[in-house]
Amino acid sequence: MATLQVCRRLLSRVALKTSAPVTVNPKRYLRAGDRLPDVEVYGATPNDAINPAELYKGKRGVLFSVVGAFTPGCSESHIPEYISNHQKFKEEGYDVICCVAVNDPFVMNAWGKELKAEGKIKMLADTRGEFTRAMGMQLDCTKPLGGWRSRRYSIVVEDSVIQQINEDPDHTGLVCLLCIKNMKSRARAPP
């Protein structure tokens, strides 16, 4: 836990000390009502190619993106929050929950194992950022993280069609949890 806190402080300092820590793609390509991009990402290995449009075919689910595996905020709150609400998502009729990041499949697989996400969250590696670019969610993190990454966002998908997109406008990461917050709000609402 202390290591994650140190990493979090270092990442925030690096981002603050650079003249332009991140550059956001100003144009989002996909909107609610559009189909998921027909682009391959990877599961546990480079031999485990997965097409998200096919994965969500005939299913209802959530797909959320993070800047990178093992990032402090996502390791400490985003992924654990989805894991702890996994059963609630199933009760709400969600068939699949996926986390995608611009990382290699071995890193995403190791991160999922460390966080005990197996069987609850499918970890997807967007190795070349092709899915991220097709979504219009690329984020220039060359100074703080060494390359292009993905903005944080969460989407609700039904039968491969995007129903809702939640974007992170200020890079706080809280948008990753909007699907959970909205679900909890519906559960508390009077009939």
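The figures that follow rest on heavy atoms only: side chains count, while hydrogens, waters and symmetry mates do not.
Between Tyr82 and Phe64, the distance from one ring center to the other falls under 6.0 angstrom.
Closest heavy-atom contact between Ile165 and Met137: CG2-CE, 4.0 Å. Nearest approach of Ser150 to Ser65, heavy atoms of both residues: OG-OG, 2.7 Å. Shown here for Ile162 and Arg35, the closest heavy-atom pair between the two residues is CD1-O, 4.5 Å. Summarising the geometry of Thr127 relative to Val102, their closest heavy-atom pair is O-CG1, 4.4 Å, with the distance given to 0.1 Å. Shortest non-hydrogen contact noted between Thr71 and Gly68 is OG1-O, 2.8 Å.
With contacts defined as side-chain heavy-atom distances shorter than 4.5 Å, the pair Glu114/Asn109 does not qualify. Looking at heavy atoms from C-beta onward, Pro52 lies out of side-chain contact with Val39 at the 4.5 angstrom threshold. Side-chain contact between Asp48 and Pro105 is absent, with no heavy atoms from C-beta onward closer than 4.5 Å. At a threshold of 4.5 Å between non-hydrogen side-chain atoms, the residues Asn47 and Tyr42 do not count as touching. At least one side-chain heavy atom of Ile50 sits less than 4.5 Å from a side-chain heavy atom of Lys122. At a threshold of 4.5 Å between non-hydrogen side-chain atoms, the residues Pro37 and Met135 count as touching. In this structure, the side chains of Leu63 and Tyr153 come closer than 4.5 Å at one or more pairs of heavy atoms. At a threshold of 4.5 Å between non-hydrogen side-chain atoms, the residues Ile83 and Ile121 count as touching.
When atom types are taken as modelled, the side chain of Gln163 and the backbone of Val161 share a donor-acceptor pair closer than 3.5 angstrom. At distances below 3.5 Å, at least one donor-acceptor pair connects side-chain atoms of Asp159 with backbone N or O atoms of Gly58. Side-chain N or O atoms of Ser160 include none that pairs as donor or acceptor with a backbone N or O of Leu36 at under 3.5 Å. Put simply, the side chain of Ser75 never gets that close to the backbone of Pro72: no donor and acceptor are under 3.5 Å apart. When atom types are taken as modelled, the side chain of Asn85 and the backbone of Lys88 share no donor-acceptor pair closer than 3.5 angstrom.
How far CE of Met123 is from SG of Cys99: 4.5 Å, rounded to the nearest 0.5 Å. To the nearest 0.5 Å, the span separating CE on Met108 from CG on Asn103 amounts to 6.0 Å. Glu76 CD to Glu81 CD: the interatomic distance, rounded to the nearest 0.5 Å, is 13.5 Å. In this structure, the separation between CD1 on Ile79 and NZ on Lys116 is 14.0 Å, given to the nearest 0.5 Å. With rounding to the nearest 0.5 Å, the separation of CD in Gln164 from CD in Glu158 is 10.5 Å. The CD atom of Glu167 lies 5.0 Å from the CZ atom of Arg151; values are rounded to the nearest 0.5 Å.
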>> One pair to check against side-chain contact (heavy atoms from CB on, under 4.5 Å): Val67 and Arg152. What are the steps and the verdict?
In response: CA-CA 6 Å; Val67 174; Arg152 290 180 187 99; 3.8 Å; yes
> Passes side-chain contact (heavy atoms from CB on, under 4.5 Å), Cys98 versus Val96? Steps please.
Replying inline: CA-CA 7 Å; Cys98 293; Val96 62; 3.8 Å; yes
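In this structure, Trp111 and Phe70 have tilted ring planes: the angle between them lies in the 30° to 60° band.
Among His86, Lys59, Arg60, the single residue meeting the side-chain hydrogen bond (donor to acceptor under 3.5 Å, both in side chains) criterion with Tyr94 is Arg60.
When only modelled atom types and interatomic distance are considered, Ser154 and Asn166 share a side-chain donor-acceptor pair under 3.5 Å.
For Arg128, the salt bridge (Lys or Arg N to Asp or Glu O under 4.0 Å) partners at least two apart in sequence or on another chain are Glu130.
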